[in-house]
Amino acid sequence: MSSAHKNLSIFKTENLPDISDKKFVILVAEWNEDITEPLAQGAIDTLLAYGAKEANVSKIYVPGSYELSFGAQIYAQKEEVAAVIAIGCVIQGETKHNDYINHAVAGGLTDVSLKYNKPVIFGVLTPNTHQQALDRAGGIHGNKGDEAAITAIKMLGLK
Ligand SMILES: Nc1c(NC[C@H](O)[C@H](O)[C@H](O)CO)[nH]c(=O)[nH]c1=O
Ligand SMILES: CC(=O)[C@@H](O)COP(=O)(O)O
C-alpha cells in the first residue's frame, strides 16, 4: 500500500506504553530542511501528545541523511536513550546518488537498532520529487514524522 492510499498521520493507538520517563533523540538531516523541519516537528508533537516529557526529547542535527546512521550510533549507545528517530529527505536527482544514500541509511539504521537493542526508526522520505516530499511532510498524505514517532512508542511497548 503506498502512502497515496494511507494517511501517515492516522494510526492505531490502543495499548501504547507509558513513555513519561523515556528519553528520545530526534536526529534531523539538514538537507531539504523545508521538509525535515516539519517532519521533526511532527515527530516531537506526536511524542508529547502520547506522554513524553519535553525535557526528554532531544533534537540533534546531522549534515545529511547519509550521516543519520553514525548519528544514531552515537546516541543509541547511550543507556539513557530509549529510542532514536532518524529524520531525513533524500530527493531523487539526476544521478544514482539518492539510491546509494537511501540503501546505506536504511541498512545502517537497522544495524544500529539491532546492535544496541533499541528502536532506531527510519523516518526518511525517499521521494522522486519535491512535491511528493511536501505531500508526506504535513501535506495530503500526512506527516512521516508522526508515523515515525508512534512507531518508536509502539516498539518500546514491544520490549
Ligand atoms: N542529496 C541529498 C543528500 N545528500 C548529502 C548526503 O546525505 C551526505 O550528507 C553527503 O553525501 C556527505 O556524506 N542528503 C539528504 O539528506 N538529502 C538529499 O536529497
Ligand atoms: C540525493 C542527492 O544527493 C541528490 O540531491 C544529488 O543530486 P544529483 O543526483 O543530481 O547529483
Side-chain angles (χ1 to χ4, degrees), residues 1-11 22-49 52 54 56-78 81-156:
M1 176 188 292
S2 74
S3 300
H5 302 93
K6 174 189 183 321
N7 188 302
L8 297 167
S9 299
I10 299 174
F11 29 72
K22 301 296 184 186
K23 291 185 182 294
F24 297 86
V25 169
I26 317 282
L27 288 174
V28 187
E30 294 172 344
W31 261 77
N32 299 312
E33 62 181 359
D34 64 317
I35 303 296
T36 60
E37 283 300 330
L39 291 176
Q41 196 57 52
I44 293 167
D45 292 346
T46 300
L47 290 174
L48 300 182
E54 195 163 352
N56 288 344
V57 180
S58 301
K59 184 178 177 182
I60 308 291
Y61 288 97
V62 295
S65 293
Y66 185 82
E67 285 72 37
L68 288 169
S69 298
F70 185 56
Q73 178 169 280
I74 292 170
Y75 287 95
Q77 66 187 297
K78 295 178 182 290
V81 174
V84 175
I85 297 170
I87 297 293
C89 176
V90 183
I91 301 176
Q92 182 173 334
E94 294 177 352
T95 72
K96 294 179 180 177
H97 194 212
N98 64 300
D99 290 334
Y100 287 90
I101 296 170
N102 292 334
H103 288 296
V105 173
L109 294 177
T110 299
D111 291 346
V112 171
S113 183
L114 297 176
K115 180 176 182 180
Y116 293 105
N117 193 36
K118 64 181 64 171
V120 176
I121 307 304
F122 184 73
V124 180
L125 291 178
T126 58
N128 299 312
T129 65
H130 188 255
Q131 184 58 50
Q132 286 180 352
L134 290 171
D135 293 344
R136 291 156 177 78
I140 59 172
H141 297 316
N143 188 320
K144 186 78 172 178
D146 299 356
E147 180 201 48
I150 206 73
T151 300
I153 297 170
K154 289 181 176 180
M155 291 310 289
L156 289 173

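Read the numbers this way: they start at 1 and go in the same order the structure lists the ligands and their atoms.
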Tell me, which residues have any heavy atom less than 4.0 Å from some atom of ligand 1?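 Shell around ligand 1 (4.0 Å, heavy atoms): Trp31, Asn32, Gly64, Ser65, Tyr66, Glu67, Cys89, Val90, Ile91, His97, Ile101.
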
List the closest protein heavy-atom neighbour of atom 7 (O) of ligand 2: residue, atom name, distance to the nearest 0.1 Å. Gly93 CA, 3.7 Å

The protein heavy atom nearest to atom 4 (C) of ligand 2 is Ile91 O, 3.9 Å

Is a side-chain donor or acceptor of Ser113 paired with a backbone partner of Leu109 at a separation under 3.5 angstrom? no

Would you say Glu33's side chain and Glu30's backbone share a donor-acceptor pair under 3.5 angstrom?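 Absent.
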
Taking everything shown except Phe122 itself, do over 12 heavy atoms lie less than 6.0 Å from its CZ?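 Above 12, so yes.
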
Have a look at Asn102, Asp99, Thr95, Thr126 and point out the one with the heavy atom closest to atom 11 (O) of ligand 2. Thr95

State which residues pass side chain to side chain donor-acceptor pair (under 3.5 Å) with Thr46; sequence neighbours excluded, sorted by chain then number.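 Asp146.
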
Counting heavy atoms under 4.0 Å, the part of Tyr100 that contacts ligand 2 is neither

Between Asn98 and ligand 2, which part of the residue brings a heavy atom under 4.0 Å of the ligand: side chain, backbone, both or neither? both

Indicate yes or no: does an N/O atom of Glu94 lie under 3.5 Å from an N/O atom of ligand 2?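 Indeed, backbone or side chain, Glu94 has an N or O that close.
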
Does ligand 2 come near enough to His97 that some N or O of the ligand is less than 3.5 Å from an N or O of the residue? yes

